[in-house]
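First up is the structure itself, then whatever we jot down about it.
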Amino acid sequence: MSRYNVRETEAKWQAVWDERRSFAVQADPSRPKTYVLEMFPYPSGRIHMGHVRNYTIGDVIARYKRAKGFNVLHPMGWDAFGLPAENAALERGVHPGKWTYENIAAMRGQLQSMGLAIDWSREIATCRPEYYRFEQKMFLDFLKAGLAYRKESWVNWDPVDNTVLANEQVIDGRGWRTGALVEKRQLSQWFLKITHFADELLGALATLDRWPEKVRIMQENWIGKSQGCRFFFKLSGGHEELEVFTTRPDTLFGASFVAISPNHPLAAKLAEGNAELGEFIAECNRMGTSEAALEQAEKKGFRTPVTAEHPFVPGWELPVYVANFVLMEYGTGAIFGCPAHDQRDLDFARKYDLPVKPVVVPDGEDPASFDVGNEAYTGPGTLRNSRFLDGLSVEEGKKAAIGKIEELGRGTGTTMFRLRDWGVSRQRYWGCPIPVIHCEACGVVPVPEAQLPVTLPEDVTFDAPGNPLERHPTWKHVDCPSCGKAARRETDTFDTFIESSWYFLRFADPRNTEVAFDKDAVKYWLPVDNYIGGIEHAVLHLLYSRFWTRALAHCGYLDLAEPFAGLFTQGMVTHATFQDAEGKWIFPTDVDLASGKAVKRADGSPVTVGPVIKMSKSKKNVVDPEGILNSYGADAARLFMMSDSPPDRDLEWTEAGIDGAWRYINRLWRLVTEPGITLPAAGTPAPAEFGADATAIRRAAHKAAHGVAEDIEQYRFNSAVAKLRIFSNALGDALSKLAAKQGNSQDVGADEAWAVREALEILSQIVQPVMPHLAQEMWVSLGHQDLLVERPWPAADAGLLVEDTATVAVQVNGKLRATLALPRDAAEDVAKAAALADPAVRKAMDGKPPRKVIVVPNRIVNVVV
RNA sequence: GCCCCAGUGGCGAAAUGGUAGACGCGGCAGACUCAAAAUCUGUUGCCCGAAAGGGCGUGCUGGUUCGAGUCCGGCCUGGGGCACCA
């Protein structure tokens with residue numbers, strides 16, 4: 001028996017695809033396009049199983065769509081700027097650029113060995129000046145359009161990476177990458193006006209019907225729109241008026257205090273002559289980010305000597321507190337407190353003994369006796385004790401109160417967003433230089449476009465903390481483009497989320513040296529039809545990209561609102577964890593499970609098997625894809641990735657699983673190379689008639705072609721693989737029967753032999769998206785010379801998709817009692833009669849007459865007695 | 001606390017409101033083999049039964065329906081997201 005030589009075969013076809021440029025594509029408006037994109041990788045040096053899963057999903061879709069006649073754009077690139085390169089420079093003395101390009105070369109090789117149907121001629125790396133020069137241009141255009149600005153601001157400072165983090169990059173008060181406690185620092189920073197598009201970004205989520213609901217909700221929460229009203233309190237003691245924001249102007253008559261953030265300018269001012277207040281503010285800042293989460297945040301306040309006058313009631317003075325639960329970053333940094341209808345205000349009021357006056361009474365409650373106790377009432381109801389608002393509903397009350405405030409000139413109805421502008425300055429070397437120059441005389445001067453790109457200097461050192469660009473002896477010293485005097489280059493670089501905010505556009509026209517991309521190319525290829533990646537980018541990358549696309553449209557680059565029409569978020573690849581007797585994590589490859597219990601391969605000492613969790617280097621529960629690709633091959637790895645678990649769920653990597661995939665590949669190979677009967681030559685015309693056995697084989701094949709296509713369209717890859725197996729199992733069974741016939745020197749009918757060839761050819765074609773190398777080898781082995789990737793998806797014969805007979809279940813009172821084989825679409829009374837005649841059914845009916853008989857054609861008959 | 005998602009055999013999982021457990025992994029039995037590996041065949045939700053057959057089964061609980069894993073209400077458990085957002 002000839003063995004399937006996986007290494008040779010896979011390398012052979014990869015070389016052929018490469019040589020014939022099989023996957024290179026051109027825009028062609030006469031053909032329907034589809035754009036399949038997986039989130040591009042950071043070039044860390046080696047691919048991991050998450051990549052294998054990600055790129056397999058995309059590749060199956062790309063190959064399938066291609067067979068379906070689409071012009072498929074399926075590119076690959078590298079998210080090549082970022083801190084790990086600088087860390088490598090620090091640790092190993094290798095230049096970040098060298099390290100990055102070497103990693104790219106290594107990972108490209110690994111990805112190519114997966115047999116991906118990628119147009120490698122479109123490959124890009126974001127760290128190349130040919131790429132980021134256009135990013136610099138875009139930034140300058142944003143600057144002109146008022147979408148980029150500079151401001152002094154409190155920033156999140158990561159003390160480990162020595163850089164600023166965006167709000168989105170701070171998780172539980174810690175840096176998203178380093179996990180270090182984030183500090184507050186004040187720096188002058190570049191910001192992009194994502195808030196300009198807040199409403200649009202929110203509203204357009206509704207149009208993204210091919211995105212997971214979950215991601216849309218996450219973005220919705222992140223944008224955090226709320227309707228309300230801003231208004232001013234007059235303050236005692238000659239202080240400036242205090243602006244507050246509220247979503248509940250209807251509850252103004254229930255107000256019992258006003259509170260400002262410890263970071264509010266008024267708090268600082270009041271603290272000047274008040275050491276006690278100063279100490280309170282300092283305490284709040286210490287609590288700030290770090291312990292807030294742990295300490296369950298007790299409400300604390302400091303009563304200032306200032307009072308605020310109620311906007312509707314002259315002479316009604318409310319005490320002004322500095323309170324730890326009021327955030328400077330949201331709204332105006334000041335609130336009014338209505339304890340009866342806000343839980344935080346209520347906690348605060350109970351602690352400081354402030355009045356609690358309900359002004360919203362739930363319908364059906366007695367207004368005279370309604371009391372909130374220790375749980376604020378936030379539901380609907382009728383306003384009471386509220387003068388001109390009395391009797392109104394909450395919604396009516398909001399409108400009326402805003403109307404009154406506006407009438408009095410005290411404030412205005414407004415919409416508030418949680419979303420804040422995107423701070424993009426980073427104090428790092430390995431990023432895109434921000435193309436501006438600081439001149440003492442002229443201020444911030446954009447680098448003239450003719451001088452773009454501003455490139456990074458090569459000769460940098462990483463021996464001291466902070467930004468190497470800042471320390472470079474000459475790089476930052478330039479003449480002002482405006483006045484010609486000595487000036488200073490901006491030494492900050494962009495947040496690397498910027499590069500990934502437009503790479504999907506560059507893929508449409510990656511070699512353009514004049515502009516970032518040709519408008520028509522983008523018009524043809526975009527939006528991305530299938531964007532595939534991890535859920536961890538649900539907010540950051542995806543929101544930034546949506547913003548960036550809008551900002552580009554605003555500047556006339558393109559005519560597109562949403563870059564990603566379809567989004568799919570894949571699950572993680574998990575693996576069991578192992579610890580040795582000392583509790584140290586150990587690699588799966590060092591564990592021997594053969595004896596039924598886990599022991600160390602090296603010395604046989606016992607190993608504890610831990611929970612199945614996401615593969616991570618720190619827990620060592622990783623399996624290196626390269627080893628798998630070398631021993632089992634790309635097809636087996638791809639098959640395993642697609643089998644069993646639905647792609648949006650976690651997938652547990654197991655030895656048994658990859659073994660199973662490998663066995664199946666060999667089974668398919670044997671099916672084609674040793675069918676056991678003599679097949680007609682390739683291209684033999686179909687016989688005029690098919691007998692029952694031949695028809696059964698054809699049915700199985702055509703059903704599989706149809707079903708697998710449907711499943712791939714819906715990302716139901718595990719189900720598609722199941723259908724492949726059902727088909728190949730059926731074909732295998734049919735073949736062993738036919739082989740036995742031939743072995744007994746009986747004739748195998750020409751119709752049967754022809755049907756088997758057809759089935760094997762269809763099989764080759766429909767396993768192709770998942771197992772492309774094997775498929776091509778099967779195809780050749782069936783006597784063809786051409787490439788399967790050039791062949792269309794096999795068209796299913798509609799007549800073969802439906803059976804002549806239907807298996808109809810018969811229930812008596814909802815319980816299954818029999819199944820009947822009836823002609824397809826048998827008349828209802830025929831089905832009914834057949835059901836009532838069945839002995840098992842009669843027995844279950846126990847002689848009682850049927851009260852009612854429900855007949856669902858081709859499915860079920862339910863007899864009610 | 002709020003918002004999502006998920007709970008089905010020993011395991012991964014399938015099932016337009018219509019035969020629950022397809023397909024695979026693992027197990028068991030057998031064939032081939034001196035033996036093993038590989039491969040092939042059969043079997044495999046639970047309980048009663050020698051069998052035929054019967055009963056019970058999709059986290060719990062109530063409902064809608066001729067019929068519910070699927071739809072609706074309440075609850076439990078697990079996972080994820082947001083979290084003093086005024």
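Because the structure is predicted, anything quoted here is derived from the model rather than measured. Side-chain atoms are counted along with the backbone in the values below, which use heavy atoms only and exclude waters and symmetry mates.
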Quiz item: For nucleotides 7-15 of chain B, read 5' to 3', which letter fits each nucleotide if B means a protein heavy atom sits under 4.0 Å from the base, S means only the sugar-phosphate is that close, and - means neither?
Solution: -----BSSS
Quiz item: Which of residues 816-829 of chain A have a heavy atom under 4.0 Å from RNA chain B?
Solution: A:L816, A:R817, A:T819
Quiz item: If each of A:G331 and A:D659 is mapped to the nucleotide of RNA chain B with the nearest heavy atom, which maps nearer the 5' terminus, i.e. the 5' end?
Solution: A:D659
Exercise. Pick the P atom in B:G12 and in B:G26, then give their distance to the nearest Å.
Key: 15 Å
Quiz prompt | Inter-nucleotide P distance (B:U70, B:G63), Å rounded | solution = 15 Å
Exercise. Using a heavy-atom cut-off of under 4.0 Å over every strand shown, decide if A:V856 touches base, sugar-phosphate, or nothing.
Key: base
Quiz item: If you look at every strand shown and take non-hydrogen atoms under 4.0 Å, does A:T807 touch a base, only sugar-phosphate, or nothing?
Solution: base
Exercise. Please name all residues satisfying side-chain hydrogen bond (donor to acceptor under 3.5 Å, both in side chains) with A:E241, sequence neighbours left out, ordered by chain then number.
Key: A:R410
Self-check item: With A:K619 via salt bridge (charged side-chain N to carboxylate O under 4.0 Å, His left out) - residues at least two apart
Solution: none
Self-check item: Pairs involving residues 636-648 of chain A, ordered by first then second residue, that meet salt bridge (charged side-chain N to carboxylate O under 4.0 Å, His left out) (sequence neighbours left out)
Solution: A:D59-A:R638
Quiz item: Base, sugar-phosphate, or nothing for A:R725, non-hydrogen atoms under 4.0 angstrom?
Solution: sugar-phosphate
Quiz item: CD1/A:I860 to CG/A:L820 distance, rounded to the nearest 0.5 angstrom?
Solution: 11.0 Å
Quiz item: Taking the six-membered ring for Trp, is the centroid-to-centroid distance between A:F640 and A:W653 below 6.0 Å?
Solution: yes
Quiz item: NA contact type, A:K723, heavy-atom cut-off 4.0 Å: base, sugar-phosphate, or nothing?
Solution: nothing
Quiz prompt | Strand-adjacent residues in residues 703-714 of chain A, judged by heavy atoms under 4.0 Å from RNA chain B | solution = none
Quiz item: When rounded to the nearest 0.5 angstrom, what is the spacing between OG1 in A:T195 and CZ in A:R420?
Solution: 11.0 Å
Quiz item: Counting only heavy atoms not in A:K225, do more than 12 sit closer than 6.0 Å to its NZ atom?
Solution: yes
Quiz item: Whom does B:G7 pair with, Watson-Crick or G-U wobble, provided both distances fall under 3.5 Å?
Solution: B:C76
Quiz item: Aromatic ring centroids of A:H310 and A:F336 under 6.0 Å?
Solution: no
Practice problem: May I ask which nucleotide in the shown strands pairs with B:C23, Watson-Crick or G-U wobble, both distances under 3.5 Å? | Solution: B:G12
Quiz item: Looking only at atom types and distance, does a side-chain atom of A:N858 sit under 3.5 Å from a main-chain N or O of A:R824, one as donor and one as acceptor?
Solution: no
Quiz item: Under 3.5 Å, is there a donor-acceptor pair between the A:Q227 and A:T415 side chains?
Solution: yes
Quiz item: Under a 3.5 Å cut-off for both distances, is B:C56 Watson-Crick or wobble paired, and to whom?
Solution: B:G45
Quiz item: Checking all strands, does A:I726 fall into the base, sugar-phosphate, or nothing category for heavy-atom contacts under 4.0 angstrom?
Solution: sugar-phosphate
Self-check item: Given RNA chain B, 5'-ward residue of the pair A:N729 and A:F325, judged by closest heavy atom
Solution: A:N729
Exercise. Select base, sugar-phosphate, or nothing to describe what A:V326 touches, counting heavy atoms under 4.0 Å on all strands.
Key: base
Practice problem: Ignoring the backbone of A:N862, work out which of B:G67, B:G53, B:C85 is nearest its side chain. | Solution: B:G67
